[in-house]
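Here the structure is a predicted model, which is why all the values come from computation and not from measurement.
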Amino acid sequence: MSNQQIIRTLKSWSEQGLIRSVDYQFAKLLSGTSDQPLPDTLVLLAALVSHELASGNVCLPLTHLQSPADYWPEEVATCLDEQDWSQLSFYADVIGSGEQATPLVLDQQRVYLYRYWQYEVYVAAQIQGRSQNIEINADLLKQSLVELFPVDAETNETDWQRVAAAVAVQKRFAVISGGPGTGKTTTVIKLLALYLRQMVDQGAKTNIHLAAPTGKAAARLSESISSAKERLNLSLELATQIPTEATTLHRLLGVIPNSIQFRHDRNNPLHLDMLILDEASMVDLPMMSRLLDALPQHACLVLLGDRDQLASVEAGSVLGDICSWPGELCYSAEQTQQLEKLDCLPDGTVHADSTQGIADSLSLLRKSYRFDENSGIGYLARAVNRGDSKQFSKVVEQGFSDLEVVSLNRDSYEQMLHRAVGFYAELFRKMSTGLATTSILQQLAEFQLLCALREGPYGVAGINQRIREGLVSRGLVPAEGAWYPGRPVMISQNDSALNLFNGDIGITLPDESGRLKVWFEQNGELRGYLPSRLPEHDTVFAMTIHKSQGSEFTQVVLLLPSDDVPVLSRELLYTAITRAKKGLAIYAPDKLIRIAITRKTKRSGGLVKRLWNR
């Protein structure tokens with residue numbers, strides 16, 4: 001097969017949707033820029049490595065080439081079987097080891113685009129470098145831990161919040177992972193108090209920032225931090241130094257229009273001493289690289305998140321890779337001894353293991369305070385997390401009051417729609433009585449319909465249209481026109497000039513002069529925008545599960561499609577379930593629920609190997 005033939009084949013695959021147009025164009029460009037004619041295998045490889053990014057993979061493992069039928073459609077797999085991959089090493093100007101800039105990099109039996117190889121290597125190096133201990137006053141830390149985490153003398157249980165705070169305050173890089181209701185925010189408030197006391201003891205001033213990947217997640221972090229501060233009996237000196245306003249990562253780093261770069265980088269670092277980053281599972285590899293690049297060398301970074309949630313929409317699964325400890329999380333002998341001295345670990349609770357990579361910077365919160373023994377949502381989340389479909393069925397059969405699982409058919413589909421239309425109809429009626437805009441935004445968080453797909457009758461596009469039709473039939477929404485009072489909107493494209501970012505949710509209402517504006521709550525203040533000024537956006541009567549990350553809703557209705565699709569996974573189902581605080585209704589075929597529970601997502605990348613040496 002000549003070069004022209006492989007290019008024609010790639011073009012055909014692009015037209016069939018087997019690869020993206022950008023994958024085909026990249027391979028075509030590469031074939032014409034080398035100093036020597038490239039073999040078909042290398043041109044083909046370029047397209048496939050590029051295509052992996054569309055699935056969230058950072059690289060292409062060589063095993064995918066050796067067993068192509070396990071990973072690609074038949075037409076692609078047949079073509080791959082015909083290739084001779086042994087000749088790749090002869091084209092060092094195109095595929096190198098990373099020492100020189102080449103379009104492709106071969107490292108650890110994985111093939112990368114050069115930029116993504118750089119991201120991965122840099123993130124691993126930064127995490128390892130920042131995982132070293134910082135200087136602390138151990139006696140002061142022990143005293144502070146006693147005050148902030150009183151020991152329950154009646155039990156010998158390990159207080160994992162106390163462990164997490166003690167671990168994090170001793171590091172320039174730390175991760176606190178835990179499921180919903182495990183007290184991540186409470187732990188962070190106490191961690192900040194511990195940190196500030198250390199800074200006061202050293203006579204140092206400190207600048208703390210809070211951030212999250214999306215506007216919704218940032219708003220929820222702000223609310224949680226404010227609430228936790230009020231519950232804790234902190235001194236006025238400490239309380240005033242703990243910030244309550246979180247920002248998005250894009251706002252923090254400073255977006256440069258029409259550029260993938262940010263205003264803050266290693267040459268213009270952020271002005272902060274500690275950064276708390278919530279919902280870290282949503283942060284992709286390129287964004288994590290840019291964040292670490294912008295952090296001052298002395299600054300402390302604490303990542304919060306749930307390692308079992310969906311990974312980022314873009315390439316990489318950074319939090320999951322960081323938290324990929326083998327078996328149980330074990331600390332080194334030195335860290336175990338230190339935690340025992342701080343009365344954080346009862347003797348024998350954690351077995352020391354000096355081979356555990358970056359484990360000394362990590363902690364896992366194990367006890368949920370939101371879901372008690374009467375919570376079906378909590379039991380369901382744990383069953384899904386374990387991949388236990390039999391336990392899932394047992395939980396459903398117990399008839400918990402906060403849980404409903406409905407087999408999907410034509411009648412139940414219409415019932416689900418009627419349920420959603422009923423909620424929004426009631427909200428529209430309240431709006432007509434003059435309900436304050438802030439209250440309307442708050443009530444939007446009382447209910448949310450989540451979908452696994454974007455398109456079709458089971459996706460957000462079809463469901464949003466059906467809900468609007470239902471509101472039209474009740475005389476609450478006009479039949480024509482894109483804009484109307486009460487239309488909920490989610491921003492899907494960042495616009496730094498307007499201070500609007502992907503994930504921000506607003507409500508359409510008239511201003512004092514009667515003009516329709518879309519209102520968003522930003523840093524505790526309402527701001528209205530003319531619809532014509534908004535960046536790319538969508539109606540959000542329903543949203544995808546991916547878009548719901550970083551949010552919580554009082555009641556959640558989850559709709560899965562009628563047939564299996566690749567996006568269904570354990571992480572997707574778990575993420576959807578844990579968005580609900582008090583009530584969850586799942587509309588799905590029984591067989592698809594079982595498929596999703598047993599299908600664990602695994603993204604290709606080398607970060608686990610670099611951090612854990614495995």
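The number of heavy-atom neighbours closer than 6.0 Å to NZ of K28, taken from other residues, nucleotides and ligands shown, is 12 or below. Annotation: R20, atom CZ; neighbour count of heavy atoms from other residues, nucleotides and ligands within 6.0 Å is above 12.
Between L444 and I507, the shortest heavy-atom distance links the atoms CD1-CD1, 4.1 Å. When every heavy atom of S312 is checked against every heavy atom of G316, the shortest pair comes out as OG-O, 2.9 Å. Minimum interatomic distance between S131 and F173 (heavy atoms only, all atoms of both residues): OG-CD2, 3.7 Å. Residues I189 and I242 share a closest heavy-atom pair of CD1-CG2, 3.9 Å. Taking every heavy atom of both residues into account, I7 and Y24 meet most closely at O-CE1, 3.5 Å. Of all non-hydrogen atoms in P213 and V283, the two that sit nearest each other are CG-CG2, 3.8 Å.
The backbone N or O of G320 lies less than 3.5 Å from no partner atom in the side chain of S317, so there is not a single donor-acceptor pair. Distance alone, capped at 3.5 Å, is enough to place a donor-acceptor pair between the Q448 side chain and the F541 backbone. Counting only distance, with no hydrogens or angles, the side chain of R172 and the backbone of I134 share no donor-acceptor pair below 3.5 Å. Checked by atom type and distance alone, the side chain of S259 never pairs as donor or acceptor with a backbone atom of I256 at under 3.5 Å. Judged by distance alone, with hydrogens and angles left aside, the side-chain atoms of S222 form a donor-acceptor pair with the main-chain N or O of A246 at under 3.5 Å. Judged by distance alone, the side chain of T214 and the main-chain N or O of A217 form a donor-acceptor pair under 3.5 Å.
Considering only heavy atoms from C-beta on, H209 stays 4.5 Å or farther from L270 through its side chain. The side-chain heavy atoms of S289 and Q126, taken from C-beta on, include no pair separated by under 4.5 Å. Side-chain contact check for L30 versus V43: every heavy-atom pair is 4.5 Å or farther apart. The closest side-chain heavy-atom distance from W325 to L362 is below 4.5 Å. Contact check for D273 versus I208: no side-chain heavy atoms found under the 4.5 Å cut-off. The closest side-chain heavy-atom distance from S97 to D107 is not below 4.5 Å. Within the 4.5 Å cutoff, no side-chain heavy atoms of V460 are placed close to those of E455. Between T508 and V489 there is a side-chain heavy-atom pair separated by less than 4.5 Å.
Side-chain contact of Y116 with E120: a donor-acceptor pair under 3.5 Å is absent, judged by distance alone. Using a 3.5 Å distance cut-off with no hydrogens or angles, the side chains of Y114 and T102 do not pair a donor with an acceptor. For Q16 and S12, the side-chain atoms include at least one donor-acceptor pair closer than 3.5 Å. For the residue pair Q309 and R579, a side-chain donor N or O sits within less than 3.5 Å of a side-chain acceptor on the partner. For the residue pair H271 and N207, no side-chain donor N or O sits within less than 3.5 Å of a side-chain acceptor on the partner.
For residues 295-316, no residue pair satisfies the salt bridge (Lys or Arg N to Asp or Glu O under 4.0 Å) rule, not counting sequence neighbours. For residues 276-289, every residue pair satisfying the salt bridge (Lys or Arg N to Asp or Glu O under 4.0 Å) rule, not counting sequence neighbours, is listed here: R220-E279.
Between the NZ atom of K11 and the CD1 atom of I6 there is a distance of 14.5 Å, given to the nearest 0.5 Å. In this structure, OG1 in T544 is found 9.0 Å from CG in D538, a value given to the nearest 0.5 Å. Rounding to the nearest 0.5 Å gives a distance of 6.0 Å between CE of M288 and CG of L291. Atom CG of L48 sits about 4.5 Å away from atom CG of L44, to the nearest 0.5 Å. Taken from OH in Y112 to CD in E52, the straight-line distance is 12.0 Å, to the nearest 0.5 Å. Here S551 contributes atom OG and M543 contributes atom CE; the two are 5.5 Å apart, rounded to the nearest 0.5 Å.
Partner I95 forms a side chain to side chain contact (heavy atoms under 4.5 Å, CB included) with one of V49, L45, V105 and no other, that one being L45.
Ion pair D293/R290 not flagged as a salt bridge, since none of the NZ, NE, NH1 or NH2 atoms sits closer than 4.0 Å to an Asp/Glu carboxylate oxygen. Salt-bridge annotation for D504 and R251: present, with a side-chain N of the basic residue lying under 4.0 Å from a carboxylate O of the acidic one.
Between W483 and H537, the gap from one ring centroid to the other is short of 6.0 Å.
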Would you check, one step at a time, whether the test salt bridge (Lys or Arg N to Asp or Glu O under 4.0 Å) holds for K609 with D321?
CA-CA 9 Å; K609 172 73 173 178; D321 291 346; over 6 Å; no
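Under the rule for a salt bridge (Lys or Arg N to Asp or Glu O under 4.0 Å), R263 has no partner lying at least two apart in sequence or in another chain.
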